[in-house]
Protein chains: 2
Amino acid sequence: MLRHAGLRPTRQRIALGELLFSKGDRHISAEVLFEEARQAGVPVSLATIYNTLHQFTGAGLLRAISVDTTRTYFDTNTGDHHHFFLESSEEVIDMPDGFIRVENLPAPPDGFEISRVDVIVRVRATDDDRSR
Amino acid sequence: MLRHAGLRPTRQRIALGELLFSKGDRHISAEVLFEEARQAGVPVSLATIYNTLHQFTGAGLLRAISVDTTRTYFDTNTGDHHHFFLESSEEVIDMPDGFIRVENLPAPPDGFEISRVDVIVRVRATDDDRSR
DNA sequence: ATTTGTGCAAATCGTTTGCATCTGA
DNA sequence: TCAGATGCAAACGATTTGCACAAAT
């Protein structure tokens with residue numbers, strides 16, 4: 001898989017790849033992956049986590065999502081789908097597939113073509129106090 | 001306007017409000033607004049820019065958009081509309097109104113209600129070299 | 001042997017905070 | 001007068017970078 005993506009299969013890339021892709025679809029931040037690696041006994045530095053996430057993204061194995069300005073989330077599902085964002089817990093979850101259809105998209109500005117359409121449905125707990 | 005929002009009309013808030021709202025709909029970052037204020041001869045600190053942007057957002061005068069993890073953009077158009085994001089220039093522009101219809105939205109997870117639906121259409125220059 | 005990746009620590013960058021000072025009501 | 005606002009500089013947290021060392025081909 002790594003070799004196919006033009007990346008040298010190193011210890012840490014293999015380990016991170018396993019952490020990322022063997023548990024189904026995930027939305028993970030660098031910090032969390034770092035922590036998981038640490039707990040799995042994989043010796044890896046935070047710098048390498050970032051490098052790897054970006055290389056994987058460049059290779060099309062991951063997709064970066066911006067929902068939250070403070071953190072970048074990486075999505076292991078690179079297919080065509082959209083997300084819920086739980087505002088309270090700052091969690092990103094996949095929207096069940098086959099839903100959402102974006103209709104009547106306007107033409108992009110002249111000289112531009114669509115690269116991706118992101119739909120993010122922000123949700124909050126129903127019984128939250130709405131005083132803010 | 002400020003008073004109506006429960007904010008004291010201070011020199012800097014008035015000045016920033018004018019910069020923000022007298023040029024039609026805008027998508028602006030703290031840094032850029034700071035620069036504009038500086039050039040307009042408005043004495044204001046960056047901290048106050050941030051305070052003001054957040055207060056305005058809290059008061060419903062602005063809306064924060066996250067398209068780019070590095071920066072927060074504030075939109076002076078708080079109505080129901082969506083955006084194009086020009087990947088090359090990191091610019092946010094409004095989508096002409098009356099377009100885009102999001103159909104067949106799945107129900108939010110149990111105990112949650114929709115707070116906002118954001119659609120971001122990322123576009124890139126047509127003649128860009130696609131080698132990356 | 002060469003090239004590419006990794007780890008560390010320091011550097012960056014946007015943003016936030018603490019606190020003394022000022023200002024609008 | 002005095003609560004609330006501002007400015008400064010220091011603090012922060014996520015991410016990036018420079019460079020010496022290690023590992024893959």
Side-chain angles (χ1 to χ4, degrees), chain A residues 1-20 27-38 40-59 61-74 90-92 132, chain B residues 1-20 27-38 40-59 61-75 90-92:
Chain A
M1 180 175 184
L2 288 169
R3 230 181 283 273
H4 191 271
L7 298 171
R8 271 198 204 171
T10 65
R11 278 183 216 317
Q12 19 291 75
R13 296 217 266 234
I14 292 168
L16 294 178
E18 245 157 50
L19 285 173
L20 287 168
H27 307 88
I28 199 172
S29 68
E31 205 62 48
V32 168
L33 180 57
F34 181 53
E35 192 43 44
E36 280 193 14
R38 195 149 263 333
V42 180
V44 68
S45 74
L46 191 51
T48 297
I49 297 275
Y50 278 105
N51 286 338
T52 303
L53 287 171
H54 287 141
Q55 289 153 172
F56 281 20
T57 301
L61 302 173
L62 291 176
R63 156 174 311 175
I65 326 181
S66 12
V67 261
D68 182 332
T69 338
T70 61
R71 236 176 313 290
T72 297
Y73 291 86
F74 293 87
E90 309 203 319
E91 240 180 305
V92 178
R132 209 196 65 95
Chain B
M1 182 178 184
L2 289 169
R3 231 181 283 274
H4 192 271
L7 298 172
R8 268 201 209 171
T10 66
R11 280 182 214 317
Q12 20 288 77
R13 295 217 267 234
I14 291 168
L16 295 178
E18 245 158 51
L19 286 173
L20 286 168
H27 307 89
I28 199 171
S29 69
E31 206 63 47
V32 169
L33 180 57
F34 182 51
E35 192 43 43
E36 280 194 14
R38 197 150 262 333
V42 179
V44 68
S45 73
L46 191 51
T48 297
I49 297 275
Y50 278 104
N51 286 337
T52 304
L53 287 171
H54 287 140
Q55 289 153 174
F56 281 19
T57 301
L61 302 173
L62 291 175
R63 155 175 311 177
I65 326 180
S66 11
V67 261
D68 183 332
T69 339
T70 62
R71 235 176 313 290
T72 298
Y73 291 85
F74 293 86
D75 191 346
E90 308 203 320
E91 240 180 303
V92 178

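Throughout, a chain's letter reflects where its sequence line sits, starting with A, and its residues are numbered from 1. All values derive from a computational prediction rather than experimental measurement.
Relative to the side chain of B/Arg13, the nucleotides C/dG7, D/dT6, D/dA14 differ in distance, and D/dT6 lies closest. Residue A/Thr48 has its side chain nearest to C/dT6 when only D/dG7, C/dT6, C/dT16 are considered.
Close to C/dT15, at under 4.0 Å from its OP1 or OP2, lies a side-chain N or O of B/Tyr50. Considering only side-chain N and O atoms, B/His54 lies nowhere under 4.0 angstrom from the phosphate OP1 or OP2 of C/dT15.
Between the CG atom of B/Leu2 and the P atom of D/dA5 there is a distance of 11 Å, given to the nearest Å. In this structure, B/Asp68 atom CG and C/dG14 atom C1' are separated by 11 Å, rounded to whole Å. Distance CG (B/Leu7) to P (C/dG24): 15 Å, rounded to an integer number of Å. Spacing between atom CZ of A/Arg71 and atom P of D/dT15 amounts to 8 Å, rounded to whole angstrom units. Going from atom CG of A/Leu53 over to atom P of C/dG5 covers 15 Å, rounded to whole Å. Atoms CG (A/Leu46) and P (D/dG13) sit 14 Å apart, rounded to a whole Å. In this structure, B/Tyr73 atom OH and C/dT15 atom C1' are separated by 15 Å, rounded to whole Å. Regarding B/Phe34, its CZ atom lies at a distance of 13 Å from the C1' atom of C/dT15, rounded to whole Å.
Toward the 5' end of DNA chain C, the nearer of the two residues B/Glu31 and B/Gln12, judged by each one's closest nucleotide, is B/Glu31. Heavy-atom distances to DNA chain D give each of B/Gly6 and B/Ala47 a nearest nucleotide, and the one nearer the 5′ end belongs to B/Gly6.
Contacts of B/Thr72 with the nucleic acid, taken as non-hydrogen atoms under 4.0 Å apart, involve only primed sugar atoms and P, OP1 or OP2.
B/Leu46 and B/Ala30 make their closest contact through CD1-O, 4.4 Å (heavy atoms, listed as atom of the first residue, atom of the second, distance).
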Using a cut-off of under 3.5 Å, enumerate the N/O to N/O pairs linking the protein to nucleotides 21-25 of chain D.
from, atom 1, to, atom 2, distance (Å)
D/dT25, OP1, A/Arg3, NH1, 3.0

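Under 4.0 Å is where a charged nitrogen must lie from a carboxylate oxygen, and between B/Glu31 and B/Arg71 no such pair does.
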Run A/Met1 and A/Leu61 through side chain to side chain contact (heavy atoms under 4.5 Å, CB included) and show every step you take. CA-CA 9 Å; A/Met1 180 175 184; A/Leu61 302 173; 3.8 Å; yes
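In this structure, CD1 in B/Ile28 is found 11.0 Å from CG in B/Asp75, a value given to the nearest 0.5 Å. For the atom pair B/Leu53 CG and B/Phe34 CZ, the distance stands at 12.0 Å (nearest 0.5 Å). Once rounded to the nearest 0.5 Å, the distance linking CZ of B/Arg13 with CG of B/Asn51 reads 8.5 Å. Taken to the nearest 0.5 Å, the CG atom of B/Leu33 stands 9.5 Å off from the CZ atom of B/Phe74.
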